[in-house]
Amino acid sequence: MIDKTYHITPLEMKAAILKIPASPEIFVKLGRMLKDKDTEMHDVIRLVEKDPSLVARVFRLCNTPYFNTGEPIDSLEVGINRIGFQELHRIVGVASVAGVFKYWNLAYKVSGAAIWHNALAVGICMEQLAAANGEDRADAYTAGLLKSLGKLVIDNCAKSHSKPPIYDHDADLPLLMWEQDVFGATNSQMVEQVMESWGFPERLLVGIRYHYQPDLAPDVNRYAYMLNLAGSMAEKIGKPLPGESSYWNEEEDSLAAAGISRGQLKSATGASSEKLKQLLKAMGE
């Protein structure tokens, strides 16, 4: 008989989602907004300013050498005029995950810094892969940055119990199996539900849900294979997360499904490593 003590109910799921800061939802909605040719600057400013703490982090990032080599930026309007909408989207993404993943994740026994660095690495890797295969770079970047958001939801649910279940890194138990057995759902299913409520496109939602096992997707989903490759790339450049290694696949058929050649993968991994180093250095990490 399956022990359902920790299985997440719809009510617990809703409560856990409400604990997520506003910044990642703003980031997702900003990406959708910037695809609308009728979007104006005041629309963007109004959206970002819904979260004052996000604005503060955006200003700090805007004024690092990584994003700005000119005069200091002291307003969103000045920032947009200086760096443009797309670069603002990238900065809001970095600022969002910095705020969301900064705390210790008890359920997965991993530090906030480790999850944050992995999110940055996967986001940058996804952007590089999209540049190589022609997919939308902003969508790829967003999916990469937020792919681990489901772990935050699961952690929020786990912490509601007096004796929260904790993933044993040394037990040799597949991550998804542990999540399904203990919580009745996986982290990729959780993040899919969250981002669906934020209006994320269906094709990307499917990609996120199946990125650990892309071959199981109902139809071939390029984003699922790209996210799988990006997870492997992030691990190669020193930003892994526990329990994920066994799911990554760089075999030729997976590369073909992602629309990436072996040479492109090598080049994208090198470029991503350098960009991540520069970003973390600029942020004092």
Side-chain angles (χ1 to χ4, degrees), residues 13-14 16-58 61-62 76 79-80 83-102 115-116 118-127 129-130 135-156 186-211 221-224 226-227 230-231:
M13 170 74 173
K14 183 177 181 179
I17 291 175
L18 289 175
K19 292 180 181 178
I20 299 175
S23 55
E25 181 177 3
I26 290 173
F27 171 51
V28 170
K29 289 184 175 179
L30 176 62
R32 311 318 324 145
M33 181 180 286
L34 295 181
K35 293 183 184 301
D36 183 350
K37 61 182 178 59
D38 294 325
T39 294
E40 298 183 2
M41 184 184 295
H42 65 83
D43 298 318
V44 172
I45 292 174
R46 188 181 302 118
L47 175 64
V48 177
E49 285 183 339
K50 287 182 177 181
D51 184 350
S53 64
L54 173 63
V55 174
R57 291 194 297 273
V58 166
L61 285 165
C62 279
L76 288 175
I80 292 170
I83 64 177
F85 283 139
Q86 297 306 320
E87 194 70 349
L88 176 69
H89 179 252
R90 294 180 70 233
I91 292 173
V92 169
V94 174
S96 296
V97 295
V100 168
F101 295 133
K102 64 182 178 180
I115 300 179
W116 177 39
N118 175 267
L120 292 178
V122 176
I124 291 171
C125 289
M126 282 293 288
E127 193 173 36
L129 291 175
E135 292 292 345
D136 187 285
R137 295 178 66 171
D139 282 346
Y141 177 67
T142 302
L145 277 182
L146 297 181
K147 88 167 188 67
S148 290
L149 194 62
K151 293 181 179 179
L152 178 63
V153 176
I154 285 179
D155 186 53
N156 285 339
T186 66
N187 78 85
S188 52
Q189 291 170 339
M190 288 293 186
V191 69
E192 179 192 24
Q193 291 184 52
V194 173
M195 294 181 72
E196 181 179 26
S197 70
W198 295 344
F200 211 48
E202 176 67 19
R203 183 171 172 235
L204 275 81
L205 290 173
V206 173
I208 288 174
R209 178 167 189 171
Y210 290 99
H211 78 273
N221 185 288
R222 181 177 275 190
Y223 278 103
M226 288 170 66
L227 280 164

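- With rounding to the nearest 0.5 Å, the separation of OG in Ser96 from CG in Leu149 is 10.5 Å.
- Taken to the nearest 0.5 Å, the CG atom of Leu47 stands 4.5 Å off from the CE atom of Met33.
- Heavy-atom minimum distance, Ala119 versus Phe101: CB-CE1, 3.9 Å.
- Proximity of Leu34 to Val44: side-chain heavy atoms (C-beta onward) are separated by under 4.5 Å at one or more points.
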Open item on the list: Assess the residue pair Val191 and Val153 against the criterion (side-chain contact (heavy atoms from CB on, under 4.5 Å)); give the C-alpha distance rounded to whole Å, side-chain angles, the decisive distance to 0.1 Å, and a yes or no.
Closed with: CA-CA 8 Å; Val191 69; Val153 176; over 6 Å; no
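- Pairing each heavy atom of Ala95 with each of Val58, the nearest pair is CB-CG2, 4.0 Å.
- Nearest heavy atoms, Met126 versus Gly144: CG-CA, 3.9 Å.
- Asn221 meets the side chain to side chain donor-acceptor pair (under 3.5 Å) test with no other residue; sequence neighbours excluded.
- Between Arg32 and the options Thr39, Thr142, Asp139, a side-chain hydrogen bond (donor to acceptor under 3.5 Å, both in side chains) holds for only Asp139.
- Between Ile124 and Tyr141, the closest heavy-atom pair is N-CD1, 4.4 Å.
- Rounding to the nearest 0.5 Å places OG of Ser148 at 10.5 Å from CD1 of Ile154.
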Open item on the list: Go through it in stages, so that I can follow the logic: the residues are Tyr223 and Leu129, the test is side-chain contact (heavy atoms from CB on, under 4.5 Å), and I'd like the CA-CA distance, side-chain angles, deciding distance and then a yes or no.
Closed with: CA-CA 10 Å; Tyr223 278 103; Leu129 291 175; over 6 Å; no
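- At least one donor-acceptor pair under 3.5 Å links the side chain of Gln189 to the backbone N or O of Thr186.
- The CD1 atom of Ile115 lies 14.0 Å from the NZ atom of Lys102; values are rounded to the nearest 0.5 Å.
- Inter-residue side-chain proximity for Glu127 and Arg90 is flagged as met; some heavy-atom pair is nearer than 4.5 Å.
- Nearest heavy atom pair, residue Leu30 against residue Val92, reads CD2-CG2, 3.9 Å.
- Taking CG of Asp51 as the start and CZ of Phe27 as the end, the distance is 14.0 Å to the nearest 0.5 Å.
- Within a 6.0 Å radius of NZ in Lys50, other residues, nucleotides and ligands contribute 12 heavy atoms or fewer.
- For the atom pair CD of Glu192 and OH of Tyr210, the computed distance is 7.5 Å after rounding to the nearest 0.5 Å.
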Open item on the list: Quick one, Ile17 with Gln193, criterion side-chain contact (heavy atoms from CB on, under 4.5 Å). Give me CA distance, side-chain angles, the key distance, then yes/no.
Closed with: CA-CA 10 Å; Ile17 291 175; Gln193 291 184 52; 5.5 Å; no
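- Asp43 places a side-chain N or O within 3.5 Å of a backbone atom of Glu40 that can act as its donor or acceptor partner.
- Between Asn156 and Ala16 the shortest heavy-atom distance is ND2-O, 3.4 Å.
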- [ ] For the pair Val100 and Trp116, evaluate side-chain contact (heavy atoms from CB on, under 4.5 Å) and give the outcome as yes or no after the intermediate values.
- [x] CA-CA 8 Å; Val100 168; Trp116 177 39; over 6 Å; no
Let me have the donor-acceptor pairs involving side chains of residues 197-205, under 3.5 Å, with sequence neighbours excluded, atom names and distances please.
residue : atom : partner : partner atom : Å
Ser197  : OG   : Val194  : O            : 2.5
Trp198  : NE1  : Glu25   : OE1          : 3.4
Arg203  : NH1  : Glu135  : OE1          : 3.2
Arg203  : NH2  : Glu135  : OE2          : 2.9

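- Using a 4.5 Å cut-off on side-chain heavy atoms (C-beta onward), Leu145 and Val122 make no contact.
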